[in-house]
Protein chains: 2
Amino acid sequence: MASLTEIIESYINELFAEEEERDYVSLRRKELAAFFGCVPSQINYVLRSRFTPERGYLVESQRGGHGYIKILRICYEMPQDKINHIEDIIGDSISEQEAKSILAAFQERGLITSRERLLVEVSLRFTDETGASVFNISPYKRNVLQAELLKRMLGSLALS
Amino acid sequence: MASLTEIIESYINELFAEEEERDYVSLRRKELAAFFGCVPSQINYVLRSRFTPERGYLVESQRGGHGYIKILRICYEMPQDKINHIEDIIGDSISEQEAKSILAAFQERGLITSRERLLVEVSLRFTDETGASVFNISPYKRNVLQAELLKRMLGSLALS
DNA sequence: ATGCATAAGGTCAGTATTCGTCAATATACT
DNA sequence: AGTATATTGACGAATACTGACCTTATGCAT
């Protein structure tokens, strides 16, 4: 049932979990691929789709002899860093699906609770619905409004 | 006479009921549609109209290989008298000051956290501001919108 | 120093799946 | 009859995975 991508993802998560306070793990692409019996580029796919800035990770790598892949957990020095990061990942316009996946990732990271997530979704939905049916706003403009609202809501929590 | 939507809704509710404490249900859209002999998009309709954040549910989904739909129950549905009570308190129109004092009272009673209160205030403010500056809505109409949003947000939390 | 062999990792496009959206149509409820 | 809700289906978009081909680093031999 679980996809190969999910299996590799949780394997990497376990590496992080082995030691609390651990802020990076490094690995060799070819070895990991051999271990899971897949092509090496599958590892890139896992990294690109799971260990993204949106989910709080950065990836560094080096080719050639002694090459490696290093996955780092993003940590914020100051509240402003967190707000900048939020603005980066949301951007100027966002679809409903993108917004939902950001919220899911934030809850996963423990940045918001499930009730907080619920409140954000209710207000995004209300804004979108009202914009469409009462004010006849174009879909694009609605996504701009959603991005603005989402940034404000998550940004306000970053300071508290 | 039960509509197809209602039948599918209760089927999903039964999945939740199978086990107390169950906080999510996961399914495949195509399978469920085949089971009920309808088109897959019917499932989306059921989710959008029944398992909404206003009713305490969140829906996560993923397309592509190993795709899925996951329905999370965040808050148990609130008894109707509680909802009526909240709607009575808020009414059909509400000023920013009234809204704030209701939120303060709710926080005082431990029904919402300070972060939840912040989220509500930020989104009310955004709605009001956008309504005024972008859509030139009258102050009265803005208070109507605020009341509606506030009712939905507080209603979603199943306050006891 | 130079150059080449070797040893990493990266990218991209193709294929198969699976879900979402939207507009048109049908049904049910005042 | 008119509005709100329900249903359908065509089309589009996102995800998972593979394999062929590309790029970059190391280090040894000259």
Side-chain angles (χ1 to χ4, degrees), chain A residues 1-12 25-52 54-55 58-71 93-102 104-105 121 124-125 128-129 131-134 136-140 142-143 146, chain B residues 1-12 25-52 55 58-71:
Chain A
M1 193 57 175
S3 69
L4 178 53
T5 298
E6 282 170 340
I7 293 170
I8 297 174
E9 177 190 7
S10 32
Y11 176 84
I12 295 174
V25 301
S26 43
L27 36 92
R28 331 225 34 185
R29 191 177 78 145
K30 209 167 70 173
E31 279 177 15
L32 244 200
F35 184 70
F36 288 105
C38 63
V39 294
S41 60
Q42 174 74 24
I43 306 302
N44 295 85
Y45 179 72
V46 174
L47 297 176
R48 190 159 28 87
S49 62
R50 301 296 197 272
F51 295 87
T52 62
E54 209 173 278
R55 296 184 179 212
L58 292 175
V59 175
E60 288 174 2
S61 65
Q62 185 89 213
R63 309 186 194 194
H66 306 107
Y68 63 86
I69 293 178
K70 188 167 166 182
I71 307 169
S93 170
I94 195 168
S95 71
E96 180 187 329
Q97 290 299 314
E98 288 169 330
K100 289 174 79 164
S101 77
I102 285 176
E121 291 210 13
L124 285 178
R125 211 170 124 99
D128 196 57
E129 232 174 58
S133 65
V134 182
N136 276 100
I137 309 171
S138 72
Y140 172 73
R142 297 206 302 270
N143 284 355
Q146 289 206 121
Chain B
M1 182 184 54
S3 70
L4 178 52
T5 296
E6 284 167 341
I7 293 171
I8 298 175
E9 177 188 8
S10 38
Y11 175 83
I12 294 173
V25 161
S26 159
L27 37 94
R28 324 211 68 172
R29 192 178 76 147
K30 208 167 68 175
E31 280 178 14
L32 199 57
F35 184 71
F36 288 105
C38 62
V39 294
S41 59
Q42 174 75 23
I43 307 302
N44 294 85
Y45 180 74
V46 175
L47 297 176
R48 184 164 284 276
S49 61
R50 302 293 196 272
F51 296 87
T52 64
R55 295 187 182 193
L58 292 174
V59 176
E60 293 176 1
S61 67
Q62 198 137 89
R63 307 183 193 189
H66 301 97
Y68 62 85
I69 292 178
K70 187 167 165 183
I71 307 167

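Every chain is numbered from 1 and lettered A, B, ... according to where its sequence line falls, protein lines coming before strand lines. FYI, side chains are in, hydrogens and waters are out, and symmetry mates aren't considered; it's all heavy atoms of this structure.
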Strictly under 3.5 Å: I want the nitrogen or oxygen pairs between protein and nucleotides 1-5 of chain C, one per line.
none

Could you tell me the separation between the [atom1] atom of [X] and the [atom2] atom of [Y], rounded to the nearest 0.5 Å?
X        : Y        : atom1 : atom2 : value
A:Asp128 : A:Ile137 : CG    : CD1   : 8.5 Å
A:Leu4   : A:Tyr45  : CG    : OH    : 10.5 Å
A:Leu124 : A:Gln146 : CG    : CD    : 5.0 Å
A:Ser61  : A:Ile43  : OG    : CD1   : 13.0 Å
B:Leu32  : B:Leu27  : CG    : CG    : 5.5 Å
B:Leu58  : B:Thr52  : CG    : OG1   : 9.5 Å

Between [atom2] of [N] and [atom1] of [X], the distance in whole Å:
X        : N      : atom1 : atom2 : answer
A:Asn44  : C:dA8  : CG    : C1'   : 12 Å
B:Phe51  : C:dC19 : CZ    : P     : 17 Å
B:Ile43  : C:dC22 : CD1   : P     : 19 Å
A:Arg55  : D:dT15 : CZ    : C1'   : 12 Å
A:Tyr68  : C:dA7  : OH    : C1'   : 15 Å
A:Lys100 : D:dT15 : NZ    : C1'   : 17 Å
B:Arg48  : C:dA23 : CZ    : P     : 13 Å
A:Glu96  : D:dA14 : CD    : C1'   : 15 Å

Produce the list of close N/O pairs, under 3.5 Å, pairing protein atoms with atoms of nucleotides 4-8 of chain D; give distances to one decimal.
from  : atom 1 : to      : atom 2 : distance (Å)
D:dA6 : OP1    : B:Arg50 : NH2    : 2.7
D:dA6 : OP2    : B:Tyr45 : OH     : 2.4
D:dA6 : OP2    : B:Arg50 : NH1    : 3.4
D:dA6 : O5'    : B:Tyr45 : OH     : 3.4
D:dT7 : OP1    : B:Leu4  : N      : 2.9
D:dT7 : OP2    : B:Thr5  : N      : 2.9
D:dT7 : OP2    : B:Thr5  : OG1    : 2.3
D:dT7 : OP2    : B:Gln42 : NE2    : 2.8

| query | Near DNA chain D, which residues from residues 58-67 of chain A have a heavy atom under 4.0 Å away? | reply |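 DNA chain D contact set from residues 58-67 of chain A: A:Gln62, A:Arg63, A:Gly64, A:Gly65, A:His66.
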
| said: Let's see if you get this right: which residues in residues 25-33 of chain A place a heavy atom under 4.0 Å from DNA chain D? | reply: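 Residues of residues 25-33 of chain A under 4.0 Å from DNA chain D: none.
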
| Qualifying residues under salt bridge (Lys or Arg N to Asp or Glu O under 4.0 Å), relative to B:Glu31, sequence neighbours excluded |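 In terms of salt bridge (Lys or Arg N to Asp or Glu O under 4.0 Å), with neighbours along the sequence ignored, B:Glu31 is linked to no residue.
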
| Residues that B:Glu9 engages under salt bridge (Lys or Arg N to Asp or Glu O under 4.0 Å), provided they are two or more places apart |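 Counting only residues at least two positions away or on another chain, B:Glu9 forms a salt bridge (Lys or Arg N to Asp or Glu O under 4.0 Å) with B:Arg50, B:Arg55.
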
| Bend angle of the helix from C:dA1-D:dT30 to C:dT30-D:dA1 from five-pair axes at both ends, rounded to 10°? |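 The end-segment axes of the helix from C:dA1-D:dT30 to C:dT30-D:dA1 are tilted 30° relative to each other.
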
| By side chain to side chain donor-acceptor pair (under 3.5 Å) - contacts of A:Glu96 (at least two apart) |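 For A:Glu96 the side chain to side chain donor-acceptor pair (under 3.5 Å) partners, ignoring immediate neighbours, are B:Arg48.
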
| field | B:Gln62: partners by side chain to side chain donor-acceptor pair (under 3.5 Å), with sequence neighbours left out | value |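 Applying side chain to side chain donor-acceptor pair (under 3.5 Å) to B:Gln62 gives none.
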
| query | For B:Phe51 and B:Ile71, which heavy atoms make the closest approach, and how far apart are they? | reply |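 Smallest interatomic distance, heavy atoms only, reads CD2-CG2, 4.0 Å.
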
With [X] via side chain to side chain contact (heavy atoms under 4.5 Å, CB included) - residues at least two apart:
X        : value
A:Ser138 : A:Tyr140, A:Lys141
A:Glu98  : A:Ile94, A:Ser95
B:Ile7   : B:Ala2, B:Phe36

| query | Side chains of A:Glu129 and A:Val134: does their closest heavy-atom pair fall under 4.5 Å? | reply |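 No, every pair of side-chain atoms sits at 4.5 Å or beyond.
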
| message | Could you check whether A:Ser101 and B:Glu60, counting side-chain N and O atoms only, form a donor-acceptor pair closer than 3.5 Å? | response |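 Side chains of B:Glu60 and A:Ser101: no pair found under 3.5 Å.
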
